[in-house]
Chemist: 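Attaching a single structure in structure tokens format; questions to follow.
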Amino acid sequence: MKLKMQAPRLLRNILAQIAESEVRYQRAPHSVSLIAASKSQSIEKIRNLYLAGQGSFGENYLQEALTKIEQLTDCDIEWHFIGLVQRNKTRKIAEHFSWVQSVDDETIAKRLNDQRPVSLPPLNVCIEVNIDRELTKSGVMPELLLPLLDYCVTLPRLSVRGLMAIPLTTDIPQQQSLSFQALHTLWKHCKAHMGDRGEHFDTLSMGMSADFNEAIKEGATMVRIGTALFGERK
Ligand SMILES: *Cc1c(COP(=O)(O)O)cnc(C)c1O
């Protein structure tokens, strides 16, 4: 019972913070949407959050996600794939998700496009950018972003929605802000570059539990929040 009480409270708290940041940083009301990052969280917790009004969830690991999706078919959840996309897993991802936020190369984009079922609308994708050029991190390097973007917009079964990044982990707030600003600048550059081809390009996905208010300040339209919404991962 305690758990059922807790889900709405944490959700209300996060939604209130998002709304407050929209006001504080002169962002339009409701211009920032919330993705609940539910990796390694239980099906019960996801269901409770859904029943409390949260509609979009992000998962990182395909097998874990498929189990959850199967057991939550009675909930009208919009599923986002936010983890590393392995080539041999693209078909299931194209079949079961509404969004993939972590596209970072042409092969992955092409496979998702070709494998998206005709019965479904085009797959929404964000291109993941390795904004701080970390060797261990996925995401396209900034100088390779425009060619990848140009390629993705030619794929009819993809709807190119925007950019996603996970900045360098740091305790220095200024560094964090610079990463978010750099991504926002790239986003504006992409938007201008695409012109008419970018009519659906409206998403800047950045900010997690520790830094989402900062991300909203710097222009995020989508924040992906896990631990602050669910509690610690098991
Ligand atoms: C886990 C994860 C998050 C959420 O992280 P928290 O710090 O728990 O909020 C957001 N984005 C991605 C891509 C993740 O893997």
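Start at 1 and go down the list; that is how both ligands and their atoms are numbered.
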Chemist: Could you pull out every protein residue that has a heavy atom closer than 4.0 Å to ligand 1, ordered by chain and then number?
Modeler: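 Ligand 1 is contacted, at a heavy-atom distance under 4.0 Å, by Ala37, Lys39, Asn60, Ile82, Ile166, Met208, Ser209, Arg224, Ile225, Gly226, Thr227, Arg233.
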Chemist: Nearest 0.5 Å, please: how far is CG in Asn113 from CD in Glu106?
Modeler: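 If I round to the nearest 0.5 Å, the distance is 12.0 Å.
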Chemist: What heavy-atom pair brings Ala215 and Gly207 nearest, and what distance separates the two atoms?
Modeler: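 Residues Ala215 and Gly207, closest heavy atoms: CB-CA, 3.5 Å.
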Chemist: How would you list, by chain and number, every residue that makes a ring-ring contact (aromatic ring centres under 6.0 Å, His included) with Tyr50, sequence neighbours excluded?
Modeler: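 Not a single residue meets the ring-ring contact (aromatic ring centres under 6.0 Å, His included) criterion with Tyr50.
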Chemist: Just to verify, what does Phe81 make a ring-ring contact (aromatic ring centres under 6.0 Å, His included) with, not counting sequence neighbours?
Modeler: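 Phe81: ring-ring contact (aromatic ring centres under 6.0 Å, His included) contacts with Phe97.
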Chemist: Within this structure, what is the CZ-SG distance for the pair Arg197 and Cys152, rounded to the nearest 0.5 Å?
Modeler: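 One finds 11.0 Å between CZ of Arg197 and SG of Cys152.
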Chemist: Who else is in Ile35's hydrophobic cluster (ILVMFWY, side-chain heavy atoms under 4.5 Å, direct or via others)?
Modeler: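 Besides Ile35, the hydrophobic cluster comprises Trp99, Met222, listed by chain and residue number.
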